[in-house]
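Note sheet for the following structure.
Just follow the structure's listing: the first ligand is 1, and inside any ligand the first atom is 1.
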Amino acid sequence: MTELTLYTNPMSRGRIARWMVEESGLPYSTEILRFGPPMKSGEYRAVNPMGKVPAIRHGKTIVTECAAICSYLADAVPERQLAPASHARGSYYRWLFFAAGPLEAAVSNRSLGFAVPDDKRRTIGYGCFEDVMDTLEIAVSTNPFIAGRSFSAADVYVGSHIGWGLSFGSIEKRPAFVDYLARVTDRPAYRRATQLDDAAMADLHAQE
Ligand SMILES: N[C@@H](CCC(=O)N[C@@H](CS)C(=O)NCC(=O)O)C(=O)O
């Protein structure tokens, strides 16, 4: 069995990767990195030159970026059907990339107080925050899941964005977002991942 390691911190986007690792059903070990020097060490930068979590190492393969980790792991366990068949991946890729690009940028910029000036909307990839929200609402309302009728790795990623956004108030609490989030998180792997990360967070606090 190929060894799988998850590099994470429970107070980070590492929770997305943890959820996906749990969905994969693969056995894995976890390396918890504190923010600050441990994440910026030469040893860890050899895994992720950004000095950020999460990352995974699967045998000799390193994957960083949550959306890539979700896609990679879905393909690593085809029997779990966490990605549509290759000819049916239009929506799957579309919304994964939409969340990693326009959605992430729009939410981050807004939380920093930056609004795209009207005359720059054409050139900025996400246009404006409002269009991103309206598009996301269509994406989560068209089908039960983001890529169609079945849950996929794209729901782990998009659902995590919506979950964080709703809990931090950076995404509007529209009924379609709340309903979608409830649908995609009603899963044993999500509950296991949350429990493991909550416990890891308590451990980190206890060591402070
Ligand atoms: N685009 C990356 C973002 C990773 C990221 O920003 N991680 C943050 C935590 S949520 C981090 O490691 N910050 C620590 C630092 O930059 O020192 C992804 O999707 O995985």
Closest protein heavy atom (residue, atom, distance) for [atom]:
{"atom": "atom 7 (N) of ligand 1", "result": "Val53 O, 2.8 Å"}
{"atom": "atom 20 (O) of ligand 1", "result": "Cys66 N, 3.1 Å"}
{"atom": "atom 2 (C) of ligand 1", "result": "Glu65 OE1, 3.2 Å"}
{"atom": "atom 9 (C) of ligand 1", "result": "Ser12 CB, 3.6 Å"}
{"atom": "atom 6 (O) of ligand 1", "result": "Arg13 NH1, 3.1 Å"}
{"atom": "atom 16 (O) of ligand 1", "result": "Lys52 NZ, 2.9 Å"}

### Task
Assess Arg187 against Phe151: is NZ or CZ under 6.0 Å from the centre of the six-membered ring, and within 45 degrees of the ring's axis?
yes
### Query
When hydrophobic residues are tied together by side-chain contacts of less than 4.5 Å, even through go-betweens, does Trp164 share a cluster with Met201?
no
### Query
In terms of hydrophobic clustering (I, L, V, M, F, W, Y; side-chain heavy atoms under 4.5 Å; direct or indirect links), are Val184 and Met133 co-clustered?
yes
### Task
For residues Arg191 and Thr185, report the shortest heavy-atom separation together with the two atoms involved.
NH1-O, 4.1 Å
### Query
So, for Leu33 and Pro38, which heavy atoms are closest and what is the spacing to 0.1 Å?
CD2-O, 3.5 Å
### Query
Glu137: what forms a salt bridge (Lys or Arg N to Asp or Glu O under 4.0 Å) with it, not counting sequence neighbours?
Arg174
### Query
If you measure from each non-hydrogen atom of Glu104 to ligand 1, which part falls under 4.0 Å: side chain, backbone, both or neither?
neither
### Query
With backbone taken as N, CA, C and O and side chain as the heavy atoms from C-beta onward, which portion of Met50 lies under 4.0 Å from ligand 1: side chain, backbone, both, or neither?
neither
### Query
For ligand 1, which atoms have a heavy atom of Met39 less than 4.0 angstrom away?
12 (O), 14 (C)
### Query
For ligand 1, which atoms have a heavy atom of Pro54 less than 4.0 angstrom away?
20 (O)
### Query
So Tyr7 and Tyr44, would you call those rings parallel, tilted or perpendicular, with 30° and 60° as cut-offs?
tilted
### Query
Looking at Glu104 and Arg13, does any basic side-chain N land under 4.0 Å from a carboxylate oxygen?
yes
### Message
With respect to Lys40, determine whether any N or O atom, backbone or side chain, lies less than 3.5 Å from an N or O atom of ligand 1.
### Response
yes
